[in-house]
Amino acid sequence: MDAESVASLDHLFDALGVGRWTLAVFFTYLCWAFLLPPFSLGGAFYNGAVDHWCDIPQLSNSSWTLEQRLNYSIPWEENRNQMRRSQCRMYVRDYEAVADLPWSTDLALTPDEAASLETTSCSHWEYDTSTFHSTVASESDVQGMVMERFGRYWNGWDDIRTLLEGYRNVTSVKNSAWVGRQKLERLRMLPDRYEKDTVKVPSRPLPFHYHSLDGTGTVARGDWDLVCDRAYLSPLFQSFYYFGCAVGDPVLGLLSDKYGRKTVVFGVALIFSAMALTSALAHTYPVMLVAWFVMGLMHPICGVVYVKVVEACPTKHRTVVGILTTSPFALGGMAFGGWAFLLRDWRTLQLVCMAPAALLLAHLPFIDESPRWLAVKGRVDEAERIFAKAARWHGVALPAQLPEILQKCKDHAAINEKARRLEKSGKCGPVRKWMNDVAVLVSSPALRRITLVMFGNFFFTGFTYWGISLAGNTFSQDPFLYMLFSSALEVPAYTVFAPIVMLFGRRRVLAANFAVCAAAILAILIVPGSWTWVIFSLALVGKFFITGNYNVLYLVCSEVFPTCVRSRGLNLSSTMARLSSILSPFIIQIMGQTYWWAPSVFFGSSAAIGGLLSLLLPETSNQPLPDNIEELRALYSRDRTSPDKILSREQEASPLNNADDTATSAV
């Protein structure tokens with residue numbers, strides 16, 4: 001489609017203005033903005049870090065307090081320069097011999113006795129539930145066990161609810177010693193119409209049990225036990241989601257261009273909802289990982305919905321819409337922190353956070369396809385009906401040139417379709433195409449330098465941003481408050497740097513943001529651990545500046561790459577951020593649990609390296625956009641050509657001579 005047709009379509013949307021039809025399109029974006037953060041940031045609460053120690057079944061029925069049992073069975077270890085009970089080892093002792101004895105001071109271990117005892121690895125664990133009642137790593141799968149054992153006796157959802165409520169009532173009883181093993185309580189929970197003597201009660205213990213923690217909390221034993229020797233499996237929960245994002249980013253864009261915005265958005269909403277429900281009810285960890293990977297594949301739909309919103313906006317409102325699109329995601333993160341504070345069980349929390357999906361599925365069938373996309377594809381009759389509907393909803397009249405404008409679009413669509421058919425035989429597969437795109441971006445020294453620097457900047461920005469976002473348990477004693485503040489900071493962070501880069505240029509602001517973030521995160525290393533609010537504040541400072549860098553990076557990327565490879569350069573650069581985010585959960589959950597300084601060192605150093613790399617970028621402020629590699633070399637090499645000469649060449653050249661003349665916006 002040529003520039004005249006685009007201008008004509010813009011004229012139509014300017015005539016429509018903003019009204020109910022436009023707001024309905026934006027409502028779709030709003031639903032996705034509240035649905036996605038609980039999953040892109042889900043590792044902070046669904047799989048938050050919890051303290052744990054070895055479970056000693058022989059002592060579970062004893063009258064000992066938790067502290068007495070730990071004193072008798074769990075050794076001390078040094079962690080973060082402090083002594084704490086071991087999370088993965090226990091003493092080798094004859095626990096059966098003392099199982100029925102009351103506690104006495106003679107049973108307490110002295111330091112010399114403790115040093116002489118042999119230790120062994122745990123096979124089962126108990127978990128502190130004072131912050132999170134249930135997490136993925138400490139999964140106890142209460143509902144899964146109940147449905148598996150008693151499902152064949154149920155005749156409806158009322159029975160399911162009654163039985164589950166009975167389990168919850170039993171497990172909520174505090175100051176009772178291991179009520180989970182009592183078969184009598186299980187039978188009492190069943191509806192009265194069942195013959196108690198015919199029900200087959202499981203002979204093995206429940207996969208969870210609770211103890212008193214001096215009346216202030218509880219501890220629970222889980223089934224999955226993704227700790228100690230299995231701790232490497234825990235970060236996969238969030239990393240599989242990020243890996244799906246990296247794979248799905250280019251795929252969803254291609255599908256939406258081929259099959260339409262509405263079709264792809266509705267299909268993705270169905271798949272995402274199904275996988276979210278599967279994850280919340282999954283009984284096995286591999287099933288959950290597959291579900292989260294598929295949800296990650298669907299996550300980049302936010303970019304498709306963003307494009308649909310921009311396509312429906314009048315020209316004069318696009319800048320405002322571009323700024324406002326970041327706010328709903330920040331609000332979604334804040335809401336996630338609030339829900340997580342109220343609902344400490346990860347399965348219940350995930351089911352509640354699926355509420356926006358219900359709104360999506362309810363209203364998407366009534367949302368129109370993008371009329372701009374329909375016009376570009378030559379489906380002008382459908383586009384005309386949607387334009388008429390939008391005009392009716394807005395109470396305005398469409399321009400008299402509407403049929404003429406749509407006919408031009410149809411003619412150009414026919415020409416483009418013929419050209420695509422001629423090129424189809426020479427197309428290569430997606431992997432070969434990706435390799436060709438990379439080869440083009442490193443084909444000359446000047447372009448190679450810019451490509452590698454942009455790849456590095458996006459990589460370290462994504463790694464640091466997602467690492468700080470998920471580190472609520474590392475940089476704060478209150479992960480819920482941390483999520484609330486770090487999400488709220490994103491609103492000013494995305495907007496405040498717009499006037500700053502106009503005054504001071506792109507490169508200096510980019511380097512300064514990296515430097516401040518690195519200084520704040522690395523400063524945590526020298527702050528005493530008791531200064532919790534100082535650590536909390538420094539982490540938020542780092543989050544603010546690394547968030548601001550995202551917008552600056554997209555601006556620099558769209559300016560520094562020549563027109564002929566601009567879209568490819570931007571897409572591949574943003575993919576680097578997706579790939580680096582896969583590593584962040586491992587730093588927090590593996591390295592951070594063993595070495596307290598690891599998150600600060602890795603994320604702070606990452607920001608510092610990004611700052612150094614940004615100094616290698618050319619300053620693009622007040623510079624003309626290069627259209628080809630020759631102009632790029634002339635602008636940013638030592639033997640510079642005057643910008644005025646390049647501008648004069650741009651005026652003489654037709655923009656249609658370039659293979660890729662527009663840069664895509666990324667969300």
Side-chain angles (χ1 to χ4, degrees), residues 1-32 252-269 301-318 320-322 325 360 363-421 567 655-656 661-662 664-665 667:
M1 178 178 287
D2 62 7
E4 181 183 354
S5 298
V6 174
S8 299
L9 286 174
D10 284 337
H11 177 62
L12 288 177
F13 284 100
D14 290 340
L16 285 175
V18 175
R20 286 190 301 158
W21 184 83
T22 313
L23 294 178
V25 176
F26 189 78
F27 180 74
T28 305
Y29 182 86
L30 195 66
C31 289
W32 280 109
L252 290 183
L254 293 174
L255 291 177
S256 67
D257 286 341
K258 184 174 182 179
Y259 298 107
R261 307 344 182 182
K262 177 182 176 179
T263 303
V264 173
V265 170
F266 186 67
V268 166
I301 194 64
C302 56
V304 176
V305 182
Y306 171 80
V307 169
K308 191 170 186 286
V309 171
V310 171
E311 289 176 344
C313 281
T315 307
K316 64 180 180 181
H317 295 298
R318 285 179 190 164
V320 177
V321 169
T325 50
L360 270 173
H363 91 278
L364 276 177
F366 307 100
I367 294 297
D368 299 310
E369 179 58 88
S370 169
R372 186 184 292 267
W373 179 84
L374 290 171
V376 169
K377 291 296 182 179
R379 296 161 60 177
V380 295
D381 293 336
E382 298 173 65
E384 186 174 6
R385 286 196 296 269
I386 295 175
F387 277 121
K389 176 183 176 180
R392 187 170 63 254
W393 281 27
H394 292 184
V396 298
L398 287 170
Q401 305 94 328
L402 175 62
E404 179 184 351
I405 294 173
L406 293 180
Q407 186 58 45
K408 287 182 180 179
C409 294
K410 186 175 183 179
D411 294 340
H412 285 291
I415 295 173
N416 292 336
E417 181 62 26
K418 290 180 180 179
R420 278 193 294 269
R421 289 178 180 176
S567 290
L656 298 178
D661 60 345
T662 56
T664 58
S665 298
V667 177

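Not measured: the values here are computed from a predicted model.
- Considering all non-hydrogen atoms of both residues, A375 and A383 come closest at N-CB, 4.1 Å.
- Residue F27 qualifies as enclosed at atom CZ: its count of foreign heavy atoms under 6.0 Å is above 12.
- In summary, E311 and R261 engage in a salt bridge, as defined by a charged side-chain N under 4.0 Å from a carboxylate O.
- Residues A24 and I367 approach most closely at O-CD1, 3.9 Å, considering heavy atoms.
- When side chains are defined from C-beta on, R385 counts as touching E382, because their heavy atoms get closer than 4.5 Å.
- Within the 4.5 Å cutoff, side-chain heavy atoms of I301 are placed close to those of V304.
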- Task: Show your working on side-chain contact (heavy atoms from CB on, under 4.5 Å) between D368 and W21 and close with a plain yes or no.
- Result: CA-CA 9 Å; D368 299 310; W21 184 83; 2.9 Å; yes
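- Contact annotation: the side chain of H363 approaches that of T28 to within less than 4.5 Å [non-hydrogen atoms, C-beta and beyond].
- Side-chain atoms of K377 come within 3.5 Å of backbone atoms of D257 as a donor-acceptor pair (strictly under, hydrogens ignored).
- In terms of heavy-atom proximity, K410 sits nearest to V380 at CB-CG1, 3.7 Å.
- Side-chain contact between V268 and W32: present, with at least one pair of heavy atoms (C-beta onward) separated by less than 4.5 Å.
- In this structure, the side chains of W373 and S256 stay at 4.5 Å or more apart for every pair of heavy atoms.
- Checked against L374 for a side-chain contact (heavy atoms from CB on, under 4.5 Å), the options K262, E384, R379 give a single hit: R379.
- Looking at P314 and L16, their side chains never come closer than 4.5 Å, going by heavy atoms from C-beta outward.
- Atom CG of L12 is separated from atom CZ of R372 by 9.0 Å, given to the nearest 0.5 angstrom.
- For the residue pair F13 and P371, the shortest heavy atom distance occurs at CZ-CG, 3.7 Å.
- F387 and L402 make their closest contact through CD1-CD1, 4.2 Å (heavy atoms, listed as atom of the first residue, atom of the second, distance).
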